Amino acid sequence: MNAASTAVPVIAIDGPSASGKGTIAQRVAEALGFHYLDSGALYRLVALAALRSGVALEDETAVSDLAKQLDVRFCVGRILYNNHIVTDDIRSEICGMGASRVALLPGVRQALLLRQQAFRQAPGLVAEGRDMGTVVFPDAMLKVFLTASAEVRAERRYKQLKEKGIDANMRALLRELHERDQRDSARSVAPLQMAVDARELDSTGIGIDEIVRQVLDWYRQNAARVAGSER
Ligand code: C5P
């Protein structure tokens, strides 16, 4: 047996904002009975913590300290910060933009690294974000890079916000998505980029069921290949 085979399997799903990673990752985790990590929620929580405590989002030392001390619990479908439910609060565009700013800081990324890796528990983990396959779980059993056109992504975000009763404007959403993608792709530490060994999946015009099926097929193929090579 080699090191990779003894490790708990990970499926890493990365991609730009609103590409459908969350829905797909949760459905795949459910199908396999795996744990699920929404790494973006951690960056959003750090932004929320900074905004609530009046810390400037560029203050690397102070924001990194907040990230280290973050008192967060993920309980079935709910996120608790300092024992308060913040599941919806962190979904706001302010927290999204704030997250992409604190995510630029190497100290924050370092503080969140071990926290993310601790989610790797048997029988397996589906982790979604921007650097799951490149930095956090480079030995993932399967890496998927999920994309969709900017228009489709803005529409999805628009619908999500409307469903929550939050007022939204398509043109502003599109502009914010571009801005966030630009910042996520251009940063020097762990930029949004496809891992060399990732499989790209463009979800534009494809139904959720089909995407989930494709990811599960790829995972089973890889798992069978690893098991075969160990025999
Ligand atoms: O995925 P989500 O939109 O919730 O992520 C919010 C922000 O957090 C992203 O725009 C990105 O800047 C940052 N992020 C990151 N690395 C991750 C997950 C999210 O830099 N693994």
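As the structure lists them, so they are numbered: ligands from 1, and atoms in each ligand from 1. Bear in mind the structure is a predicted one, so any value in this text is a computation, not a measurement. Worth knowing before you read on, the calculation uses all heavy atoms, side chains too, and leaves out hydrogens, waters and symmetry mates.
In terms of modelled atom types and a separation under 3.5 Å, the side chain of K143 and the main chain of G133 share a donor-acceptor contact. At distances below 3.5 Å, not a single donor-acceptor pair connects side-chain atoms of R44 with backbone N or O atoms of A99.
More than 12 heavy atoms of other shown residues, nucleotides or ligands fall within 6.0 angstrom of atom CG in L80. Atom NZ of K159 has 12 or fewer heavy atoms from other residues, nucleotides or ligands within 6.0 Å.
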Tabulation required: pairs of a nitrogen or oxygen in ligand 1 and a protein nitrogen or oxygen under 3.5 Å; columns are atom names and distance to 0.1 Å; otherwise 'none'.
| residue | atom | partner | partner atom | Å |
| --- | --- | --- | --- | --- |
| ligand 1 | 1 (O) | R130 | NH1 | 2.9 |
| ligand 1 | 3 (O) | R44 | NH2 | 3.2 |
| ligand 1 | 3 (O) | R130 | NH2 | 3.2 |
| ligand 1 | 3 (O) | R180 | NH1 | 3.1 |
| ligand 1 | 4 (O) | R44 | NE | 2.6 |
| ligand 1 | 4 (O) | R44 | NH2 | 3.4 |
| ligand 1 | 10 (O) | R130 | NH2 | 3.4 |
| ligand 1 | 10 (O) | R180 | NH1 | 2.9 |
| ligand 1 | 10 (O) | D184 | OD2 | 2.9 |
| ligand 1 | 12 (O) | D184 | OD1 | 2.6 |
| ligand 1 | 12 (O) | D184 | OD2 | 3.4 |
| ligand 1 | 16 (N) | R109 | NH2 | 3.0 |
| ligand 1 | 20 (O) | R109 | NH1 | 2.9 |
| ligand 1 | 20 (O) | R109 | NH2 | 3.3 |
| ligand 1 | 20 (O) | R187 | NH1 | 2.9 |
| ligand 1 | 20 (O) | R187 | NH2 | 2.9 |
| ligand 1 | 21 (N) | S39 | OG | 3.0 |
| ligand 1 | 21 (N) | R130 | N | 3.1 |
| ligand 1 | 21 (N) | D131 | OD1 | 2.8 |

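Under the 4.0 Å criterion applied to side-chain N and carboxylate O atoms, R187 and D131 are not assigned as salt-bridge partners.
If you run salt bridge (charged side-chain N to carboxylate O under 4.0 Å, His left out) between R130 and each of D184, D14, D181, D38, only D184 comes through.
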